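In what follows, residues are counted from 1 in the order of the sequence shown. Keep in mind the model is a prediction, meaning the values are calculated, not measured. First listed ligand is number 1; within each ligand, the first listed atom is number 1.
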Amino acid sequence: MESKQDVESGSVYNDVLEPERELLLPSRSHSLDSSEALPTTATQYTLVHLVYAFIGGVALCIGARFLLDISTVVGLPQGDLTVQAPSYPGSTEVHHFPPASPTNVFPDLFPTSVGYPGGTPTGAEPALIATAPSLPIQVGAAQLVPPKIHKHIHSAHDDVEEEVKESYHHHEAERPFNLFRSWGNLSPWYSVPRGAFGIEGTAEPPSGCVVTALHLLHRHGARYPTAWSDYGGPAKFATRLHESATQWEATGKLAFLNEWTYKLGEEVLTPFGRQQLYDLGVSMRLKYGFLLKNFTETNTIPVFRTESQDRMLASALNFAIGFFGYPFEGQYQQLITIEANGFNNTFAPYKTCPNAKAAGKADRSRPYVRQWVALYLADAQERLSSAMIGKAGVQGEFEWTVEEVFEMMQMCAYETVALGYSKFCELFTEEEWEGFNYALDLTFWYDSAFGSPVARIQGLGYLQELVARLTHIPIATHNSSTNATLHAPETFPLDHALYVDATHEVVVLNVITALNLSTLAAGGPLPADHIPNNRSFRISDIAPFATNMQFQLLSCASTPTPQIRIIINDGVVPLHGIRTCPYDAKYGMCPVPAFIEAQQETILRTDWTWGCHGDWEVPPGSEWNTTTGEPPQA
Ligand SMILES: *[C@@H]1O[C@H](CO)[C@@H](O)[C@H](O)[C@H]1NC(C)=O
Ligand SMILES: *[C@@H]1O[C@H](CO)[C@@H](O)[C@H](O)[C@H]1NC(C)=O
Ligand SMILES: *[C@@H]1O[C@H](CO)[C@@H](O)[C@H](O)[C@H]1NC(C)=O
Ligand SMILES: *[C@@H]1O[C@H](CO)[C@@H](O)[C@H](O)[C@H]1NC(C)=O
Ligand SMILES: *[C@@H]1O[C@H](CO)[C@@H](O)[C@H](O)[C@H]1NC(C)=O
Ligand SMILES: *[C@@H]1O[C@H](CO)[C@@H](O)[C@H](O)[C@H]1NC(C)=O
Ligand SMILES: *[C@@H]1O[C@H](CO)[C@@H](O)[C@H](O)[C@H]1NC(C)=O
């Protein structure tokens, strides 16, 4: 998860973080090979563990075979005990690439340019959005391997089909189960099902309209887990596993744990995440390349913005390679804003907004998520605990907590987007994956979107920037998260036909809330005891890895007034939740002046000082709620 707390690893949490970081993450600069990287304690654990497991295993084979189908009960390598010890359960495995001082580097022999490029004439810019009868569909993740997910799992030892139990969720027929779309903010972005947000039309402009400009706001691609997380966190799971390695033997579907190591880094983009941004860049060039003509006509180049975090910069540059090709130098200018405490930054508003880090204000999802997870994972907790054989040779004696079971589900998502495949995925049923997806909806609803008292305030800065661009009038007073220094005409142009900004999912959600895209909040506060039917707020749809919001400006033959549409992951979002926008069920268009009027109203009504520094309090849990992402008024 990447809630506002874990986007940053702010000082507040460093105390919490340090022990875990030390155990699991040997310093990156310290060059070790993988076997050396294992802490010495791991070796001790493992020897004890091996001997113990062997004895325990023999006893169990005799004692427990009748009770269970545990043919794979002993997680030891078959036969040979003198063989190199298997990897140590839960220990961290790190391969430091590139080496700090490789011995075969000869820059003189490998010049980066040797001339003779051959012919280089370019052609016309693509304009899929205008020329194709329909737009390409992003189906997800060609490079990742989906495991087989069973509808029902009888026990951790087999997949016997069970009678369908009474279900607390309603399976929507138009959304067949898809594991990769069941990971909330950890899902790779996909084109949402047609009509997902309530507008039938697709992203191509209505006939008679042409796109005149595009404002793109996108998220970084798939990353390793963040340094800190409020609930769960794969690193915590690895630590528990590692620290308890002498106390258990895993069997059945969990047997792989006996030799499993933790292979995830922290924070940075994964190879797949890199591809997502490259692909997004390519797809945007194919759809909107024609907007570059405006730059040629005015003898200018575009300005794109991202911020300083490694994955944010890497995402922006991968987008640029996709969009402009290599080398992109000279084709655009990349503004890199600073994400750090105390720096005004519309892409990291929590860095200057104390209430966005305050207990009880920023972390309102906690009781909801805990309640829901305890409910939807009760069966899985029992099932997976029964696959563990405890120290005394007793099956189920070693118990997983529900939080740890939740961490295993996170591990599935993280390992898949980092390593391409994960054994953790097949431990869970379709229904459990839908429960996981919903746990993330709860998390972000209450922490970053319509249910959070600090959501709108954090979206305010981007809203002001959007209005400045739409009106071509610079921001008069920098009184939110905007940074006046970066609003010079060179760094913040107001007359371009293409803007590309990169940020975090929490900020995308803040912006969605601030914009008042309230049809996404239909149904009100999300309940913690069941998944509502046909909910419109789905994090996997609106804030997955590489999520992208296209603000299309249109010129239509039928009216002299320019129009705006908002398209999230290829789905058109209704704008009529915005007070001044008409109901356009077919295309989701709103006249630009009306759109601006409402956003200016929000800007006037939203006070950064109150929202971020105000001394307001809200009672915990469901005693108090918001569906507009606002704190109580003064
Ligand atoms: C604004 O951005 C500039 C450039 O990144 C930075 O040096 C400055 O400290 C920022 N100002 C504030 C108030 O954050
Ligand atoms: C913040 O500045 C904008 C102009 O940039 C202004 O419209 C708005 O009223 C100001 N907000 C407050 C709370 O003063
Ligand atoms: C940074 O934000 C604060 C709070 O909105 C504002 O008072 C200040 O002028 C901003 N600084 C710059 C350089 O924009
Ligand atoms: C970009 O060019 C198109 C076609 O010439 C024009 O209709 C549109 O207004 C231009 N957009 C901007 C923002 O200049
Ligand atoms: C769910 O569907 C019903 C019937 O179509 C509709 O009235 C309701 O508004 C929908 N709820 C949401 C949250 O979209
Ligand atoms: C925002 O949405 C609420 C309903 O959720 C509505 O009452 C309010 O007028 C809207 N404000 C604007 C500026 O669109
Ligand atoms: C949210 O708060 C409103 C107003 O206090 C209340 O009427 C409503 O029942 C609450 N909804 C939930 C789901 O708690």
Side-chain angles (χ1 to χ4, degrees), residues 8 124-127 129-131 205 208-216 287-303 305-309 312-313 316 333-356 454 456-466 468-501 514 550-557 559-564 592 603-604 606-614:
E8 44 130 5
E125 289 299 333
I129 200 93
T131 58
C209 301
V210 295
V211 174
T212 58
L214 176 76
H215 302 230
L216 179 71
K287 287 174 183 161
Y288 294 105
F290 64 95
L291 293 170
L292 292 173
K293 283 192 284 182
N294 295 59
F295 293 90
T296 310
E297 282 159 13
T298 53
N299 207 13
T300 54
I301 53 175
V303 172
R305 300 187 302 166
T306 188
E307 34 107 313
S308 57
Q309 273 192 345
M312 295 295 317
L313 181 55
Q333 299 183 93
Q334 181 72 59
L335 186 69
I336 307 168
T337 64
I338 296 171
E339 168 158 3
N341 283 334
F343 287 88
N344 292 14
N345 190 332
T346 46
F347 304 137
Y350 37 82
K351 290 296 188 185
T352 50
C353 180
N355 283 344
V454 288
R456 174 173 288 197
I457 197 68
Q458 293 186 82
L460 177 63
Y462 187 82
L463 208 64
Q464 291 174 316
E465 293 182 334
L466 179 66
R469 285 165 168 172
L470 292 175
T471 57
H472 314 296
I473 299 171
I475 292 176
T477 317
H478 290 269
N479 56 13
S480 67
S481 54
T482 55
N483 180 335
T485 311
L486 300 172
H487 274 244
E490 297 79 14
T491 48
F492 195 76
L494 297 170
D495 53 357
H496 281 188
L498 174 67
Y499 302 95
V500 177
D501 291 325
Q550 305 165 31
F551 297 79
Q552 271 182 356
L553 298 191
L554 302 136
S555 164
C556 300
T559 164
T561 314
Q563 306 287 311
I564 188 168
V592 173
I603 291 168
L604 281 174
T606 310
D607 182 358
W608 177 264
T609 307
W610 176 248
C612 285
H613 300 271

Review point. What are the two closest heavy atoms between Thr491 and Thr485, and how far apart are they?
Key: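 So the minimum-distance heavy-atom pair works out to OG1-O, 4.4 Å.
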
Practice item. Would you check whether Asp495 has a nitrogen or oxygen atom less than 3.5 angstrom from a nitrogen or oxygen atom of ligand 4? Key: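 Checking ligand 4 against Asp495, no N or O pair falls under 3.5 Å apart.
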
Exercise for review: Could you tell me whether some N/O pair between Thr212 and ligand 4 is separated by less than 3.5 angstrom?
Suggested key: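 The answer is yes, given that Thr212 and ligand 4 share an N or O pair closer than 3.5 Å.
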
Point to revise | Residue pair His478 / Gln464, side-chain donor-acceptor N/O under 3.5 Å | key: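 No pair is found: no donor N or O on one side chain lies under 3.5 Å from an acceptor on the other.
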
Exercise for review: Please check if any side-chain donor atom of Gln550 sits under 3.5 Å from a side-chain acceptor atom of Tyr288, or the reverse.
Suggested key: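 Side-chain D/A pair, Gln550 to Tyr288: present.
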
Point to revise | Asn345, Thr306, Asp501 screened by side chain to side chain donor-acceptor pair (under 3.5 Å) with Thr337, the one that passes | key: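 That would be Asn345; it is the only one of Asn345, Thr306, Asp501 passing the side chain to side chain donor-acceptor pair (under 3.5 Å) with Thr337.
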
Check your understanding: Near Asn479, which atoms of ligand 3 are under 4.0 Å from a heavy atom of that residue?
Key ->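 Here the atoms of ligand 3 in question are 5 (O).
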
**Study point:** Per-atom contacts of ligand 3 with Ser480, taking only distances under 4.0 Å to non-hydrogen atoms
**Key:**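 Every atom of ligand 3 under 4.0 Å from some heavy atom of Ser480: 2 (O), 4 (C), 5 (O).
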
Point to revise | ligand 4-proximal atoms of Lys293, by part, heavy-atom distance under 4.0 Å | key: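 Within the 4.0 Å criterion, Lys293 makes no contact with ligand 4.
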
Which protein N or O atoms sit under 3.5 Å from any N or O of ligand 1? Give each pair with its distance.
from: ligand 1; atom 1: 2 (O); to: Asn483; atom 2: ND2; distance (Å): 2.2
from: ligand 1; atom 1: 11 (N); to: Asn483; atom 2: ND2; distance (Å): 3.1
from: ligand 1; atom 1: 14 (O); to: Asn344; atom 2: N; distance (Å): 2.7

Review point. Would you find a donor on one side and an acceptor on the other, under 3.5 Å apart, between the side chain of Asn344 and the backbone of Ser481?
Key: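 A pair under 3.5 Å: no.
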
Review point. Any donor-acceptor pair under 3.5 Å linking the side chain of Thr477 with the backbone of Asn479?
Key: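 Not confirmed, Thr477 side chain does not pair with Asn479 backbone.
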
Review point. Do the side chains of Leu470 and Leu553 get nearer than 4.5 Å, heavy atoms only?
Key: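 Yes, side chains in contact.
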
Practice item. Flag this pair as yes if the NZ/CZ of Arg305 is under 6.0 angstrom from the six-membered ring centre of Tyr499 and inside a 45 degree cone about the axis; otherwise no. Key: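 Relative to the ring axis of Tyr499, which defines the angle, Arg305 lies outside at least one limit.
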
